[in-house]
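Okay, structure first, notes after.
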Amino acid sequence: MEVTGFFTAIVIGLVIGALGRLVVPGKQNIPIWLTLLIGVVAAILGTFVASAFNVDDTAGIDWIELALQVVFAAIGVAIAAGAYGRRRV
């Protein structure tokens, strides 16, 4: 992963976190900063997985990479919502 790809993943990660939160059904009682952090981590992780499967550099928009990032964000939001909800009793 190049440096520009890393910074792009961080910027895209802010949007990915919001998309991941929209994908998870129900209300998530987690702060917005945690959603954004999950999005950044999911974007970086999705980029690494996409490059491992050689689908990170296609002509046009990398839809497979974007889908991987949103899936990772949704999983992260679901885990964080479950853990954060139990902690705040």
Checklist entry - Among the clusters formed by ILVMFWY side chains lying less than 4.5 Å apart, do Leu34 and Val24 turn up in the same one? => result yes
Checklist entry - OG/Ser51 to CG/Asp62 distance, rounded to the nearest 0.5 angstrom? => result 11.0 Å
Item to check | Leu36 CG: over 12 foreign heavy atoms closer than 6.0 Å | outcome: yes
Checklist entry - Are Leu66 and Val71 co-members of a hydrophobic cluster defined by side-chain heavy atoms under 4.5 Å apart? => result no
Checklist entry - Atom CD1 in Ile30, atom CD1 in Ile38: separation rounded to 0.5 Å? => result 4.5 Å
Item to check | Smallest separation among heavy atoms of Ala73 and Gly20, with atom names | outcome: CB-CA, 3.9 Å
Checklist entry - How close do Ala74 and Val23 get, heavy atom to heavy atom, and via which atoms? => result CB-CG1, 4.0 Å
Checklist outcome for this item: Of all heavy-atom pairs linking Gln69 and Ala42, the shortest is O-CB, 3.6 Å
Checklist entry - When clusters are formed by joining ILVMFWY residues with side-chain heavy atoms under 4.5 Å apart, either directly or through shared neighbours, do Leu45 and Val55 land in the same one? => result yes
Next on the checklist: Pair Val41, Phe72 - check side-chain contact (heavy atoms from CB on, under 4.5 Å), show working.
Outcome noted: CA-CA 9 Å; Val41 171; Phe72 283 128; over 6 Å; no
Next on the checklist: Is there a path of hydrophobic side-chain contacts, each under 4.5 Å between heavy atoms of I/L/V/M/F/W/Y residues, joining Val70 to Trp63?
Outcome noted: yes
Next on the checklist: According to a hydrophobic-cluster definition based on side-chain heavy atoms being under 4.5 Å apart (Ile, Leu, Val, Met, Phe, Trp, Tyr only), do Phe48 and Phe53 belong together?
Outcome noted: no
Checklist outcome for this item: When rounded to the nearest 0.5 Å, the distance separating CD1 of Ile44 from CD1 of Ile16 is 12.0 Å
Item to check | Closest non-hydrogen atom pair between Val77 and Gln28, with its separation | outcome: CG1-CG, 3.9 Å
Next on the checklist: Would you compute the distance between atom CZ of Arg21 and atom CD1 of Ile32 and round it to the nearest 0.5 angstrom?
Outcome noted: 5.5 Å
Checklist entry - To the nearest 0.5 Å, how far apart are OG1 in Thr35 and CG in Leu19? => result 11.5 Å
